[in-house]
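We name chains A, B, ... by the order of the sequence lines, and we start the count at 1 in each one.
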Amino acid sequence: MLCVVRSALMRLTEEQGFAPAECRGLTRAVDEALANIIRHAYGGRTGQPIELLCRRTEDRTGSGQRAGLEILLIDHGASADRKKFCGRSLDDVRPGGLGMHFIQHAVDVMEFTSKADTNQLRLVKYLPAAESKDQIVKGG
Amino acid sequence: MKISTRRVEKTTILDISGDIDLAHSSEVRRLVLVEFRENRTPKLILNLREVNYIDSSGVASLVEGLKASRDVGSRLILFGLSPIAYEVLQLSKLLKIFEIYDSEEKALEA
């Protein structure tokens, strides 16, 4: 099913106005996050529930408004080890550990929270200012 | 994902098509390691022309294959990288550690 999610994410990010490289990056980030949940939170067991929520968001913290896309990934598996969220040095040529690097490279915000049996990964990517203005005016 | 194997003299070529992702990277890893560790292939070429997507587990399989090739004194060569595959190796800062060619002819001549 990961290929279905990738296909949907590519379409969604294109519709939101992201540049092609950003669309690929965001799609890769969500794919890697889902793979991490399957592999680590659910111990490799497929067929477990993962919620994927996407919605438009706005950043009003800076000098101007920026539109963006917020993606929430929610699972009910084992909580992730926060130490592994920093990724690894790319100078160290070895298999594994690249997924977090891909995620961090693609998004502006990455937050992980864990409460009771629910883990949530929040990813946000903002559009550049010009595209943001168009999105906010369209308001759709 | 589909993988077919060809042999040209002492070189083995794996033609891979589809996505090398969480569901399929273990098969790539297995076949590459078998070629080096069991078949002692002196030169293994991966044709990635029909590969649409590679995730971090796919990259990890390639890195593991490269290490296995070095362990037995063989060579792992890639050719036909799609822009997406190229981008992933670039992001991983791994372009320089792999032997990469544009075409099968150049990979065979190398």
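Counting only distance, with no hydrogens or angles, the side chain of A:His101 and the backbone of B:Leu91 share a donor-acceptor pair below 3.5 Å.
The most heavy-atom pairs under 4.5 Å with chain A, out of B:Ile84, B:Leu22, B:Val88, come from B:Leu22.
Note on B:Ile97: it clusters hydrophobically with B:Ile54, by side-chain heavy-atom contacts below 4.5 Å among ILVMFWY residues. B:Leu94 and B:Leu46 fall within a single hydrophobic cluster, where Ile, Leu, Val, Met, Phe, Trp and Tyr are joined by side-chain heavy atoms under 4.5 Å apart, directly or via other members. B:Phe79 and B:Val32 are assigned to two separate hydrophobic clusters, defined by single-linkage of ILVMFWY side chains at heavy-atom distances under 4.5 Å. In the hydrophobic cluster analysis, where Ile, Leu, Val, Met, Phe, Trp and Tyr join through side-chain heavy atoms closer than 4.5 angstrom, A:Leu53 is grouped apart from A:Phe18.
Contact record, A:Gly99 with B:Ser56: N-CB, 3.6 Å, taken as the closest heavy-atom pair.
Note that the CE atom of B:Met1 and the SG atom of A:Cys3 stand 12.5 Å from one another [nearest 0.5 Å]. The line from NZ of B:Lys93 to CG of A:Leu98 is 11.5 Å long, rounded to the nearest 0.5 Å. Atom CE in A:Met10 sits 10.5 Å away from atom OH in B:Tyr53 (nearest 0.5 Å).
In the displayed structure, B:Phe98 atom CZ is contacted under 6.0 Å by more than 12 heavy atoms of other residues, nucleotides or ligands. By the neighbour-count criterion of 12 heavy atoms within 6.0 Å, atom CZ of A:Arg11 is sparsely surrounded, having that number or fewer from other residues, nucleotides or ligands.
Applying the salt bridge (Lys or Arg N to Asp or Glu O under 4.0 Å) definition to pairs two or more places apart or across chains, none involves residues 44-60 of chain B.
Residues that satisfy the side-chain contact (heavy atoms from CB on, under 4.5 Å) test with A:Arg45, not counting sequence neighbours, are A:Tyr42, A:Gln48.
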For residues 71-79 of chain A, which side-chain N or O atoms pair as donor and acceptor with protein atoms under 3.5 Å away, sequence neighbours left out?
from    : atom 1 : to       : atom 2 : distance (Å)
A:Asp75 : OD1    : A:Gly77  : N      : 2.9
A:Asp75 : OD1    : A:Asn119 : ND2    : 2.8
A:His76 : ND1    : A:Asp117 : O      : 3.4
A:His76 : ND1    : A:Thr118 : OG1    : 3.2
A:Ser79 : OG     : A:Ser114 : OG     : 3.2

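Contacts from residues 28-37 of chain A to chain B, taken as heavy-atom pairs separated by less than 4.5 Å, involve A:Arg28, A:Asp31, A:Glu32, A:Ala35 in sequence order.
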| request: Test B:Ser92 against A:Phe102 for side-chain contact (heavy atoms from CB on, under 4.5 Å), laying out the working first. | output: CA-CA 8 Å; B:Ser92 314; A:Phe102 291 166; 3.3 Å; yes
